Amino acid sequence: MNFDADYTMTIDGQGVAGASTFPVINPANEQVIAQAPDCSREQLDLAVAAARKAFPKWRATPFEERRALLQAMAGAIFANLDGLKRLLTLEQGKPFADAEFEVGGAGFFLQGTATMDLPVTVNEDSAERRSETRHVPIGVVGAISPWNFPVILAIFKLGPALFAGNTVVLKPSPFTPLTTLKLGEILRDVLPPGVLNVVTGGDALGPWMTEHKGIDKVSFTGSTQTGRRVMQSASASLKRVTLELGGNDAAIVLPDVDVNKVAPELFWAAFRNNGQICIASKRTYVHKDVYEPLSKAIVDYARTIKVGDGSEQGTLIGPIQNKQQYQRVKDLIADSKAQGHKFLLGGEDHDGPGYFVPLTILDNPPEDARIVNEEQFGPIMPLLKVDSIEEAIAKANASEYGLGGSVWSADTQKALAVGEQLETGTVWINETQHLSPTAAFAGHKQSGVGVENGVEGLLEYTNAQTIVVKKATAA
Ligand code: NAD
C-alpha cells in the first residue's frame with residue numbers, strides 16, 4: 001500500500017474520491033502534505049445508505065465470526081504499522097515512537113474488545129415463563145473523532161460498535177484525515193462492503209452526520225463545546241449519543257513522595273503528546289512541604305527534553321497539531337504573562353516554521369487564572385502549591401470537568417483514600433493515563449455522556465431487548 005498518496009474515502013467497500021479536496025498540513029513545517037477528499041452531502045448519503053444496506057447481514061453474522069473479524073482487523077493494522085505510524089507523525093506531529101504506540105495500541109484495543117461478551121440477564125425462569133434481557137445492535141453508528149489521537153480514538157468506537165453488530169460511518173478531524181483514510185483502505189480487505197465507511201471533509205460534514213436521519217447513534221470524541229452541539233442536533237431524531245469530551249485533570253502530590261522518582265512521571269503526565277490529551281494532568285497540586293524541590297526537579301527534567309519535528313531522531317515532543325490550537329495556546333500564555341504570573345520555564349516565542357510552543361511551567365498561578373481553569377491542551381504545566389490535601393481535593397473538584405485525576409504518594413492506601421474523593425470518571429494512583437479495552441472510561445460532569453471501553457462501553461452500542469416466553473407447560 002502506498003501511504004504517501006491515493007487518499008480515498010471508503011464507501012460500500014470501494015475507494016471513492018471526494019467531490020472536491022482540501023489540504024492537509026504537516027504541523028512541524030506548515031507544508032501541505034496532501035489533498036484529502038472533501039465529502040459532499042450526496043456522498044455522505046451514499047455512505048449512510050451503504051451502512052444501512054449492510055446492517056441486516058452484519059447483525060445476523062454470528063457473534064463468534066465478528067469476534068474473529070475484530071482479531072483480523074488488529075492483524076491488518078499490525079501488518080501496516082510502519083506505514084500508518086509514519087503517516088500519523090507526518091499529519092499529527094507526534095514523534096515516531098508515540099505514533100507507533102498509538103497504532104499498535106489500536107490493534108491491542110481491538111484484540112481486547114474481542115475478548116468481551118455481551119451479557120444476558122435472566123429476569124425470571126419459573127414454571128410459567130422465561131424472561132431474559134439481551135442486547136441487540138442499534139443500527140448505523142456515526143463515529144466522529146478528534147485530531148489528537150486520530151487512530152486509537154477511532155478504534156475505541158469501531159471495535160465495540162462493529163463487535164456489537166452495528167455498521168459504521170467514521171469521520172476523522174479535517175486536521176488529521178490521512179491515517180484514518182488509509183485505515184479504511186486497509187480494512188476494505190477485512191470487512192464486508194458497507195460495514196465500515198470512512199468519509200472526510202470540512203466543517204459541514206460533522207453536522208450533516210449528527211442530523212442525518214439514516215444514522216441511529218452518534219459516538220463523538222472532541223471538545224465539550226462541540227459535544228453540546230452534537231447532543232442538540234442528535235436530539236431531533238432521538239439518536240443515542242456517547243460523548244467523550246474535554247477534561248482539566250488534577251494531579252495531587254502528597255508530601256511523602258520520592259521527589260526524584262515522581263518528577264519525570266509528573267512531567268509526562270502533563271506533557272505527553274505535547275499536552276494534547278484529554279486526560280493530561282492540566283493542574284498539578286503539590287503539598288507545600290515538597291513544592292520547592294519538586295518544582296526544581298520537574299524543571300530540570302524538562303530542560304533535557306527535545307522538542308522538534310516528530311520524524312527527527314531523538315524528538316520526544318512534537319509541535320501543536322494545528323494553527324487554531326497553536327493560537328489558542330499562545331493566547332493562554334500571553335494572558336498569563338499579562339497577569340504577571342511567574343514562569344519557571346517557557347513563555348518565550350518560537351521563531352521559524354512549525355506550530356512549536358516552548359515547554360511552559362508556571363509557578364503557582366492563581367486558581368482563577370485562565371491557564372488553570374481552562375483546558376490548555378498544549379505544553380503547559382501550572383504547578384499549584386497547597387497547604388493541605390483537603391485543599392487539593394476541594395480545588396481539584398472545583399471544576400466543571402470530571403474526566404480523570406491522579407494521586408501520588410509513597411503510601412498507596414493513603415493515596416487511594418484521597419483518590420476516592422475525586423469527582424472524575426477515572427482515578428489513577430501513582431500513575432496516569434493508563435486505559436484498557438476492558439475497563440470503562442467515562443467523563444463525569446461536562447466531560448461527557450456515556451462510557452467508552454469495557455462491557456459498559458460495549459453496551460452503549462446496543463439497545464436492551466427483553467424477551468418473555470410463556471412456557472408451554474404453564475397452567
Ligand atoms: P472538536 O470538538 O473541535 O472536533 C472533534 C470532531 O468533531 C472533529 O472531527 C470535528 O470535525 C467534528 N466537529 C466539529 N464541529 C462539529 C459539529 N458541530 N457537529 C459534529 N461534528 C463536529 O475537538 P478537537 O479540537 O478535534 O479535539 C480536542 C478536544 O477533544 C479536547 O477538548 C479534548 O479534551 C477532547 N478529547 C476528549 C477525549 C475523551 O475521550 N474524553 C479524547 C480526546 C480528546
Side-chain angles (χ1 to χ4, degrees), residues 22 24 27 36 38-39 44 91-92 94 102 105 109 142-157 169-177 179-181 198-212 215 218-236 239 241-249 272-282 320-329 374-378 399-404 424-426 433 435 439-453 457 460:
F22 64 94
V24 183
D38 196 351
C39 183
L44 174 65
E91 68 171 344
Q92 206 285 334
K94 64 183 68 188
E102 178 176 345
F109 263 72
I144 301 178
S145 52
W147 47 259
N148 60 335
F149 285 88
V151 180
I152 198 151
L153 294 177
I155 291 296
F156 276 18
K157 304 181 184 314
V169 177
L170 167 65
K171 185 201 90 66
S173 165
F175 294 118
T176 52
T179 321
T180 311
L181 288 167
V198 179
V199 293
T200 53
D203 291 344
L205 185 56
W208 289 344
M209 286 175 69
T210 57
E211 68 191 40
H212 203 294
I215 292 181
V218 173
S219 179
F220 169 86
T221 301
S223 62
T224 296
Q225 202 183 11
T226 311
R228 288 194 189 104
R229 278 192 219 119
V230 168
M231 195 164 180
Q232 188 175 23
S233 166
S235 72
K239 287 183 180 59
V241 289
T242 299
L243 306 175
E244 289 293 346
L245 309 178
N248 196 4
D249 289 15
R272 189 171 293 121
N273 210 43
N274 211 359
Q276 303 166 116
I277 309 193
C278 53
I279 45 174
S281 299
K282 292 164 187 149
I320 296 286
Q321 199 283 318
N322 59 73
K323 191 168 191 174
Q324 198 175 303
Q325 184 61 18
Y326 179 59
Q327 297 293 5
R328 194 186 126 63
V329 168
E374 294 182 19
E375 179 183 38
Q376 310 112 9
F377 226 63
S399 169
E400 61 168 352
Y401 293 111
L403 195 55
T424 58
T426 306
Q433 294 170 17
L435 300 180
F441 175 63
H444 295 187
K445 303 185 195 171
Q446 301 295 302
S447 288
V449 171
V451 181
E452 280 198 317
N453 303 332
E460 296 252 328

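Both ligands and their constituent atoms are indexed starting at 1 by order of listing. In this chain, numbering begins with 1 at the start of the sequence shown. The structure presented is a predicted model; accordingly, all values stated were derived computationally and were not measured.
- When the side-chain hydrogen bond (donor to acceptor under 3.5 Å, both in side chains) test is applied to Glu460, the partners found at least two apart in sequence or on another chain are Thr242.
- Here the straight-line distance linking atom OG1 of Thr180 with atom CD of Glu91 works out to 6.5 Å at 0.5 Å rounding.
- With values rounded to the nearest 0.5 angstrom, Asn248 atom CG is found 10.5 Å from Thr224 atom OG1.
- Note that OG1 of Thr200 is 7.0 Å distant from CG of Asp38, once rounded to the nearest 0.5 Å.
- Phe377 contributes atom CZ, which lies 5.5 Å from atom NZ of Lys282 (distance to the nearest 0.5 angstrom).
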Would Ser399 and Lys445 count as a side-chain hydrogen bond (donor to acceptor under 3.5 Å, both in side chains) here? Give the steps. CA-CA 9 Å; Ser399 169; Lys445 303 185 195 171; 5.8 Å; no
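- Within 4.0 Å of ligand 1, contacts by protein heavy atoms are made from Ile144, Ser145, Pro146, Trp147, Asn148, Leu153, Lys171, Pro172, Ser173, Pro174, Gly206, Pro207, Thr210, Phe220, Thr221, Gly222, Ser223, Thr226, Val230, Glu244, Leu245, Gly246, Gly247, Cys278, Glu375, Phe377, Leu403, Phe441.
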